[in-house]
Amino acid sequence: MAYWLMKSEPESFGWDHLVGSPKRTTVWDGVRNYQARNHLRAARKGDGVLFYHSACAEPGVVGIAEVACDPHPDPSQFDPSSKYFDSTSRPDDPRWITVDVRARRKLRRFVSLAELRTHADELDDFALLRRGNRLSVLPVTEAQWEFILELGSRAS
DNA sequence: GCCAACGTTGGC
DNA sequence: GCCAACGTTGGC
């Protein structure tokens, strides 16, 4: 089993949107970056997901989710009405993929990016803390996963 | 709103 | 293949 961090902008789709979705599940479509796509390609049903709020007043990890299906072609790339439409991607050779993401539970305590930065040593080269990181899907090691869950389980 | 850090595009 | 221009991400 692997672990991932997925970023979402709370103003467009935050934790509450995920929890309010049918079956607490959404299609993680619209990833249009090759490196992020390669991470999605490596994801499998059952993998753990840190749900992260980005581009907001207080960025950080809000809750725990899981990959709810194996990767498959992202339908939005073939939908001309979608903002994620990619006219250069061919159905017989899809360029972009997606997975379903299902909410497990909210963290007892929000773990902000600022707090994560104070634990840069313990988190040992956490991809999120690397300079200039812009990927929307990042790998998380088991040690990093356990550490962040522990932070998020502390009393406020 | 600013700006650093990328990724992509396209001319050459 | 190089590189300038441009667009996007995302923290602050």
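In what follows, chains are A, B, ... by sequence order, proteins preceding strands, each numbered from 1. These numbers were taken from a predicted model, which means no experiment stands behind them.
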Trainee: For DNA chain B, which nucleotides open and close the run of contacts to chain A, 5' to 3', at under 4.0 angstrom from a non-hydrogen atom?
Mentor: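 Listed 5' to 3', the contact boundaries are B:dA5 to B:dT8.
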
Trainee: Would you confirm whether the ring centroid of A:Phe51 sits within less than 6.0 angstrom of the ring centroid of A:Trp4?
Mentor: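 Ring centres of A:Phe51 and A:Trp4 not closer than 6.0 Å.
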
Trainee: NA contact type, A:Arg130, heavy-atom cut-off 4.0 Å: base, sugar-phosphate, or nothing?
Mentor: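 Touches nothing.
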
Trainee: Could you tell me whether the side chains of A:Arg95 and A:Thr88 share a donor-acceptor contact shorter than 3.5 Å?
Mentor: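 Result is yes, a qualifying pair exists.
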
Trainee: If hydrophobic clusters are built by linking Ile, Leu, Val, Met, Phe, Trp and Tyr wherever their side-chain heavy atoms come under 4.5 Å apart, do A:Val62 and A:Leu5 end up in the same one?
Mentor: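 No: no chain of side-chain contacts under 4.5 Å links A:Val62 to A:Leu5.
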
Trainee: Would you say the side chains of A:Gln77 and A:Ser89 form a donor-acceptor pair under 3.5 Å?
Mentor: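 Yes - a donor-acceptor pair under 3.5 Å links their side chains.
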
Trainee: Tell me, which pairs form a ring-ring contact (aromatic ring centres under 6.0 Å, His included) where one or both residues lie in residues 70-94 of chain A, sequence neighbours left out?
Mentor: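 The answer is none; no pair qualifies.
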
